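The model shown is predicted, which means the values in this text are computed figures rather than measured ones. No hydrogens, no waters, no symmetry mates; every other heavy atom, side chains included, goes into these values. Labels below follow one simple rule: chain letters A, B, ... track the order of the sequence lines, proteins then strands, and each chain is numbered from 1.
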Amino acid sequence: MRLSRSFGKTLRDAPADAETASHQYLTRAGFVQQVAAGIYSYMPLGWRSLTKISNIIREEMDRAGAQEISMPVVQPRELWEQSGRADTFQPPLASLKDRRDRNMVIAPTHEETTTFMAAANLESYRDLPFNLYQIQTKFRDEARPRAGLLRVREFEMKDAYSFDKDEEGLDVSFQAMAAAYHRIFSRAGIDVRMVEADSGPIGGKDSNEFVLLAESGEDTIFVCSDENCSYAANAEKAEFKKPAAAPEAPGELEEVHTPDIKTIEGLAEYLDVPVNKTVKAVFYAPESSTGGEIVFVSIRGDLEVNETKLRNAMSGAEPRLATPEEVASAGLVAGSASAIGLDASDGPRSRARITSIVDDSVINSPNLVAGANRTDYHLRNGNYGRDFEGDIVTDIAMAQAGDACPNDCDGHLVEHRGVEVGHIFKLGTGYSESMGATFLDEDGSEKHALMGCYGIGVGRLLAAAIEANHDDKGMVLPGAIAPYEVYLAGLNTNDETVVATAAKFYEDLQSAGVEVLYDDRDEPPGVKFNDADLIGLPLRVVVSARGLRNGEIEMKRRDASEAAMTPLADGVQAVKTALEG
RNA sequence: CGGGGAGUGGCGCAGCUUGGUAGCGCGCUUCGUUCGGGACGAAGAGGCCCCGGGUUCAAAUCCCGGCUCCCCGACCA
């Protein structure tokens with residue numbers, strides 16, 4: 001493609017409100033155009049990159065045995081009522097009515113549609129397994145799109161759905177997709193980590209995210225520092241070893257006066273005990289609650305509550321911090337509360353409205369300082385089991401950098417920021433039950449198919465790749481996803497020999513199967529070099545009067561600081577060699 | 001949804017406090033010169049100043065209402 005004919009122009013200045021590198025460079029290089037908040041058009045260069053990513057994904061999905069299909073973006077709301085997600089999907093389903101007043105939705109994902117398709121064609125265990133995928137537009141009316149293509153409302157997504165007859169089959173399908181994902185990201189030239197993740201409301205037992213490490217990412221992940229240990233997890237999911245306290249004989253419960261002490265740190269200092277010898281109380285309520293229910297969380301003073309883990313402990317109900325009014329009406333004394341004495345069945349602190357959830361850090365820690373449920377008083381020597389109990393005891397603590405790895409190794413957790421570019425789930429039978437995807441098994445019994453689902457955000461992957469690969473001049477695109485392989489610039493546009501030689505070389509490269517963006521514009525060298533750096537193709541080739549005096553052209557890799565001269569006669573081969581290296 | 005910021009030629013901005021001819025840089029058009037890291041000269045084109053209402057002789061500027069976009073947070077299978 002001749003740059004003079006390529007639609008779209010480079011911009012010297014980025015829009016002032018573009019803050020992240022990928023947003024700025026995608027806009028300046030003319031890859032995308034913003035249409036509305038979180039809604040973008042792809043221009044020719046951007047779409048070529050997106051197509052390259054899509055093709056890599058397509059090849060690897062096909063290789064993994066998945067079959068490509070295409071499902072509708074606009075679909076009847078009844079499908080979503082059948083699965084039960086019509087009113088629960090967050091962010092809210094975008095809806096519209098067709099001319100016959102029928103309720104339609106704009107699909108944010110396609111579990112319903114795929115399962116509907118599977119149900120109509122699945123009869124026997126002999127039909128299983130199969131895996132269906134598409135690369136297609138999704139719309140999610142996110143509350144806050146941000147950072148260019150990193151978080152948008154409408155986007156291209158590869159979504160695949162596997163169907164198996166049993167758990168073993170699901171494991172095989174799941175592993176096949178994980179392997180395909182590793183190949184896809186490797187071929188795209190980006191370094192991702194597969195991390196354990198929370199499944200969230202979609203449910204299922206296993207879920208892994210593929211995260212590209214980048215400071216501008218929205219996600220926090222923890223990776224074990226031990227090279228021989230593979231532990232890596234999203235902060236929402238991350239576990240860690242909580243060192244057990246030294247065994248101590250339980251002391252006698254003792255009330256102490258703690259005037260004006262409201263924080264754990266203040267309490268620990270005032271009583272001269274380590275923070276991890278205290279237990280703090282945090283009050284939550286189910287998001288939807290207006291009835292005064294309280295979730296009373298007890299966790300060791302040195303730990304913070306992980307609200308995702310808490311949500312799972314609350315059977316999926318979204319937790320929110322309880323309001324001061326709710327806390328007061330439950331008879332709890334903020335700043336001096338504890339689960340000790342929570343069992344009193346009379347009065348406002350009736351257990352009917354209070355669920356006690358205790359982090360497992362508490363049960364092995366003897367003689368904790370706890371609230372006395374009386375303003376300005378605390379208790380020494382609180383012991384789980386003797387003085388208080390929980391309705392639920394589980395891990396609800398937030399991991400922090402430096403915590404011990406949960407695996408059997410000597411490592412600790414190292415914190416990274418990252419962008420989630422892929423997510424794979426084991427769904428189980430939830431959708432096959434609601435949508436009726438059943439089959440007759442070998443023994444003649446009717447069973448529900450076990451499902452998995454597997455997503456990749458295609459545009460986000462492009463943005464993430466730029467976040468991870470750029471410098472202060474522009475993108476440094478991995479070759480496999482760059483819109484072209486070579487940026488060919490002819491300098492000295494007043495020199496007929498240079499122009500003719502550059503044009504000839506352009507034809508020669510194309511004939512040799514090299515994808516070339518030929519900068520044939522009548523622009524000064526500086527403009528061409530800066531645009532070459534901005535667009536970030538892997539290799540820059542310069543034809544100039546200076547070089548041609550020695551019968552040479554110049555080649556420079558985008559990720560290299562030095563250029564090298566090559567005889568023009570060997571140019572095509574030299575370019576091919578450089579692209580492979 | 002809570003908090004903050006911003007809407008003026010394609011992009012980046014000034015003008016608004018103190019109402020009175022819309023301005024600058026880049027980009028764009030034409031001609032000439034120039035040609036290895038965002039060249040130079042000359043002549044041009046291009047603006048419902050976000051929208052609606054109000055005040056005023058007069059509104060980009062003041063007042064009221066609305067819309068949009070960005071950032072932080074909440075949220076984000």
Side-chain angles (χ1 to χ4, degrees), chain A residues 8-20 23-24 27-28 30 33-39 80 83-85 88-93 107-112 138 140-148 150-153 155 157 159 161 197-204 207 209 216 218-219 234 236 287 307-308 311-312 316 318-321 419-420 423-428 430-431 451-455 457 460 473-474 489-495 498-499 521-534 540 542-549 553-554 556 563 565:
Chain A
K9 300 203 170 164
T10 56
L11 296 175
R12 191 172 293 206
D13 301 307
D17 51 26
E19 299 210 344
T20 56
H23 190 190
Q24 291 181 5
T27 305
R28 281 187 55 201
Q33 181 194 29
Q34 182 171 14
V35 175
I39 297 181
W80 290 73
S83 73
R85 291 206 293 182
T88 61
F89 190 89
Q90 296 295 326
L93 265 184
T109 176
H110 282 77
E111 281 81 14
E112 282 78 2
K138 300 280 184 279
R140 297 180 186 182
D141 199 1
E142 298 280 357
R144 187 156 102 81
R146 61 175 286 268
L150 276 178
R151 177 161 219 89
V152 292
R153 294 191 291 169
F155 56 101
M157 182 180 182
D159 45 327
Y161 306 88
D198 182 70
S199 296
I202 200 164
S207 149
E209 286 176 353
S216 51
E218 297 182 284
D219 291 359
N234 190 301
E236 292 180 346
E287 168 69 33
E307 293 188 1
T308 301
R311 180 185 66 201
N312 291 335
E318 197 66 43
R320 61 167 171 79
L321 286 171
V419 180
E420 175 193 349
H423 202 158
I424 59 179
F425 298 86
K426 286 185 181 175
L427 294 175
Y431 293 97
M451 291 176 57
C453 73
Y454 317 91
R460 179 186 282 181
K473 303 287 278 182
L491 305 189
N492 318 104
T493 46
N494 56 342
D495 184 326
V498 171
V499 173
R521 299 173 302 170
D522 183 17
E523 293 286 351
V527 171
K528 296 190 174 184
F529 289 141
N530 279 295
D531 279 345
D533 288 342
L534 173 62
R540 187 186 79 193
V542 171
V543 177
S544 68
R546 199 174 78 184
L548 289 182
R549 277 198 287 276
I553 56 174
E554 178 195 275
K556 177 180 173 297
M565 302 305 292

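Counting atom types as modelled, A:Arg28 pairs a side-chain N or O with a base atom of B:rG38 as donor and acceptor under 3.5 Å. Within 3.5 Å, a donor on the side chain of A:Glu554 pairs with an acceptor on the base of B:rG36, or the reverse. Counting atom types as modelled, A:Arg540 pairs a side-chain N or O with a base atom of B:rG37 as donor and acceptor under 3.5 Å.
The separation between A:Asp533 atom CG and B:rG38 atom C1' is 11 Å, rounded to whole Å. Note: NZ (A:Lys426) to P (B:rA77) measures 21 Å, nearest angstrom. Atom P of nucleotide B:rG12 and atom CD of A:Gln24 are separated by 11 Å, given to the nearest angstrom. To the nearest angstrom, C1' of B:rA39 lies 14 Å from CZ of A:Phe529. We find that CZ of A:Arg140 is positioned 7 Å from P of B:rA77, with the value rounded to whole Å. One atom, CD of A:Glu19, and another, P of B:rC69, lie 16 Å apart when rounded to the nearest Å. For the pair A:Leu11 CG and B:rG10 C1', the interatomic distance rounds to 8 Å; values are reported in whole Å. Atom-to-atom, NZ of A:Lys9 to C1' of B:rU29 comes out at 11 Å; the value is rounded to the nearest Å.
Of the candidate nucleotides B:rC35, B:rA77, B:rG37, B:rC35 has the atom nearest to the side chain of A:Asn492. Residue A:Arg144 places its side chain closer to B:rC71 than to any other of B:rA77, B:rC71, B:rG36. For A:Asp522, counting side-chain heavy atoms from C-beta on, the closest listed nucleotide (B:rG36, B:rC76, B:rC35) is B:rC35. Nearest nucleotide to the A:Val527 side chain, out of B:rC35, B:rC28, B:rA39: B:rA39. Which of B:rA77, B:rC76, B:rG38 sits closest to the side chain of A:Arg151 comes down to B:rC76. Of all nucleotides listed (B:rC76, B:rC35, B:rA77), B:rA77 comes nearest to the side chain of A:Phe425. Checked against B:rC28, B:rA39, B:rC69, the side chain of A:Ala37 finds its nearest nucleotide in B:rC69. With distances taken from any side-chain atom of A:Gln34 to the nucleotides B:rC69, B:rC76, B:rG36, the minimum falls on B:rC69. With B:rG37, B:rC75, B:rC76 as the candidates, the nucleotide lying closest to the side chain of A:Asn530 is B:rG37.
Across all strands shown, B:rA6 is found opposite B:rU68 as a Watson-Crick or G-U wobble partner, with both distances under 3.5 Å. Nucleotide B:rA14 is matched to nothing when pairs are restricted to Watson-Crick or G-U wobble geometry with both distances under 3.5 angstrom. Across all strands shown, the partner of B:rC57 is B:rG20, judged by Watson-Crick or G-U wobble contacts whose two distances both fall under 3.5 Å. In this structure, B:rC1 and B:rG73 make a Watson-Crick or G-U wobble pair, each of the two defining distances being under 3.5 angstrom. Pairing of B:rU33, defined by two Watson-Crick or G-U wobble distances under 3.5 Å, is identified with B:rA39. Across all strands shown, B:rG44 pairs with B:rC28; the Watson-Crick or G-U wobble distances both stay below 3.5 Å.
The side-chain heavy atoms of A:Lys528 and A:Leu491, taken from C-beta on, include a pair separated by under 4.5 Å. Using a 4.5 Å heavy-atom cutoff, the side chains of A:Glu111 and A:Ser83 are not in contact. Using a 4.5 Å heavy-atom cutoff, the side chains of A:Arg540 and A:Glu554 are in contact. In this structure, the side chains of A:His110 and A:Lys138 come closer than 4.5 Å at one or more pairs of heavy atoms. Side-chain contact check for A:Arg521 versus A:Thr493: every heavy-atom pair is 4.5 Å or farther apart.
Within the 4.0 angstrom heavy-atom criterion, only backbone atoms of the sugar-phosphate kind lie near A:Ala147; the bases stay farther away. Residue A:Asp531 is in base contact, counting any heavy-atom pair closer than 4.0 Å across all strands shown. The residue A:Lys556 sits apart from the nucleic acid: no heavy atom pair falls under 4.0 Å. Nucleic acid contact class of A:Ala545 (heavy atoms, under 4.0 Å, all strands): none. In this structure, A:Arg146 reaches the sugar-phosphate backbone alone: every heavy-atom distance under 4.0 Å involves primed, P, OP1 or OP2 atoms, never a base.
OP1 or OP2 of B:rG25 has not a single side-chain nitrogen or oxygen of A:Arg12 nearer than 4.0 Å.
For the P atoms, the distance linking B:rG65 with B:rG3 amounts to 16 Å, nearest Å. Taking atom P on both nucleotides, B:rC62 is separated from B:rC76 by 41 Å, rounded to a whole Å. Atom C1' of B:rU21 sits at a distance of 13 Å from the matching atom of B:rA58, rounded to the whole Å.
For the pair A:Arg460 and A:Asn494, nearest-nucleotide mapping onto RNA chain B gives the more 5' position to A:Asn494. Nearer to the 5' terminus of RNA chain B, by closest-nucleotide assignment, is the contact made by A:Val543 (compared with the other of A:Val543 and A:Ala18).
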